Amino acid sequence: DSSLLFQLGEQLVAKPSIALAELVKNSYDADATNVTVIMLKVDKVGGTLIIEDNGHGMTFNEIKNLWMRIATTEKRKNLVSRIYCRSLTGAKGIGRFASRRLGNKLIIESIANLPNGTKEKVTSEFDWGKKFLPGEDLVNIPISFTREVVPDKDQPGVRLTISNARDAWSPEDIVNLKRDLLSLQSPFP
């Protein structure tokens, strides 16, 4: 039931700063060396949050079978990240639904290397407020997406655009976000 996403995204993750930090953790697990958080007009409800990373990205199958599934066994099978062998954060898959806590709409753009040597860009849209209504069976909700082969020069990574923010961010919220993000940094090189 779609209300499960409400429980996981909006009620389990209490503060917007924690929800945003959870999304940065996903970038860490994807071996990103750089994560950029852009906040547009977030001083009032309805703003936009953008989280961009230079990690390995996700293929269409990874988005479908891992990113959009709750509590997969993937992080129990693979305890470290692909490139830098970082210990993976989280295991329940709740962090990805933090995007629902942050805003009413998510657009995910991911560029990843395919096994055949090409690069694929997947763009998908999740309209939490219009499609994911309580009582809807999740498997019956259509998700729009596009897939395209992109030039080799395009770098892997993920860009999450969360629009129609549910909360206004105060200066105190930004300080909390900084604190939550600093707690993610490993003291080891």
Side-chain angles (χ1 to χ4, degrees), residues 5 8-10 12-40 42 48-103 106-115 119-124 126 128 150 154-163 165-167 169 173-189:
L5 300 183
L8 292 176
E10 293 167 61
L12 193 58
V13 181
K15 298 187 318 185
S17 61
I18 292 173
L20 190 48
E22 287 291 330
L23 295 174
V24 173
K25 283 182 184 181
N26 288 346
S27 298
Y28 176 85
D29 289 350
D31 288 310
T33 57
N34 188 34
V35 181
T36 303
V37 176
I38 301 166
M39 304 174 101
L40 303 170
V42 295
T48 299
L49 301 159
I50 301 168
I51 302 97
E52 298 178 305
D53 73 45
N54 66 345
H56 53 66
M58 293 178 286
T59 64
F60 173 76
N61 287 332
E62 288 171 322
I63 291 172
K64 178 182 171 189
N65 297 321
L66 299 175
W67 196 79
M68 281 307 298
R69 288 191 185 267
I70 301 166
T72 66
T73 59
E74 188 66 20
K75 287 186 181 180
R76 279 178 258 152
K77 289 189 293 187
N78 300 309
L79 301 175
V80 296
S81 64
R82 294 180 200 173
I83 300 168
Y84 298 121
C85 298
R86 296 171 175 167
S87 293
L88 298 179
T89 61
K92 297 174 185 72
I94 294 170
R96 69 205 68 177
F97 298 109
S99 63
R100 181 181 168 120
R101 166 64 180 89
L102 292 169
L106 166 68
I107 296 174
I108 181 170
E109 299 168 270
S110 177
I111 296 176
N113 294 311
L114 295 175
K119 287 186 180 174
E120 174 182 56
K121 179 178 182 180
V122 179
T123 303
S124 190
F126 300 87
W128 304 119
V150 294
D154 289 8
Q155 295 301 308
V158 172
R159 176 184 172 115
L160 303 175
T161 303
I162 301 167
S163 58
R166 295 179 189 277
D167 298 288
W169 288 69
D173 293 324
I174 302 297
V175 169
N176 288 337
L177 174 62
K178 286 179 185 178
R179 186 191 67 239
D180 293 337
L181 291 176
L182 283 173
S183 72
L184 302 177
Q185 290 182 333
S186 170
F188 304 105

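The structure displayed is predicted, hence computed values, not measured ones. Throughout, numbering of the chain's residues begins at 1 and tracks the sequence.
- Stacking of R100 on the aromatic ring of F126 is not recorded, the 6.0 Å distance cut-off and the 45° axial limit not both being met.
- Atom NZ of K15 has more than 12 neighbouring heavy atoms from other residues, nucleotides or ligands inside a 6.0 Å radius.
- Minimum heavy-atom separation, G57 to V158: CA-CG2, 3.9 Å.
- Listed here is the closest heavy atom pair of I174 and W169: CD1-CE3, 3.9 Å.
- At a threshold of 4.5 Å between non-hydrogen side-chain atoms, the residues T33 and Y84 count as touching.
- Checked by atom type and distance alone, the side chain of S110 pairs as donor or acceptor with a backbone atom of M58 at under 3.5 Å.
- Partner of L102 under the side-chain contact (heavy atoms from CB on, under 4.5 Å) criterion, chosen from D167, T48, L23: L23.
- The two residues L88 and S81 come nearest to each other via the heavy atoms CD2-N, 3.6 Å.
- Using a 4.5 Å heavy-atom cutoff, the side chains of D180 and L20 are not in contact.
- Taking CG of L182 as the reference point, atom CG of L177 lies at 9.5 Å (rounded to 0.5 Å).
- Each of T36, I162, I108 was checked for a side-chain contact (heavy atoms from CB on, under 4.5 Å) with I51, and the lone residue meeting it is I162.
- Atom CD of residue E120 and atom CG of residue N113 lie 10.5 Å apart, to the nearest 0.5 angstrom.
- For the atom pair NZ (K121) and CD (E109), the distance works out to 4.5 Å, reported to the nearest 0.5 Å.
- Not one N or O on the side chain of R82 forms a donor-acceptor pair closer than 3.5 Å with the backbone of D31.
- Side-chain polar atoms of S17 and N176 form no donor-acceptor pair below 3.5 angstrom.
- When all heavy atoms of A98 and E22 are compared, the pair lying nearest together is CB-CB, 4.2 Å.
- Heavy atoms only, all atoms of each residue included: V122 and T59 are closest at CG2-C, 4.2 Å.
- Among the candidates I107, L40, L160, the single residue satisfying the side-chain contact (heavy atoms from CB on, under 4.5 Å) test with I50 is L40.
- When all heavy atoms of R86 and S27 are compared, the closest pair comes out as NH1-O, 4.4 Å.
- You'll find the side chain of Q155 stays beyond 4.5 Å of the side chain of N54, heavy atoms only.
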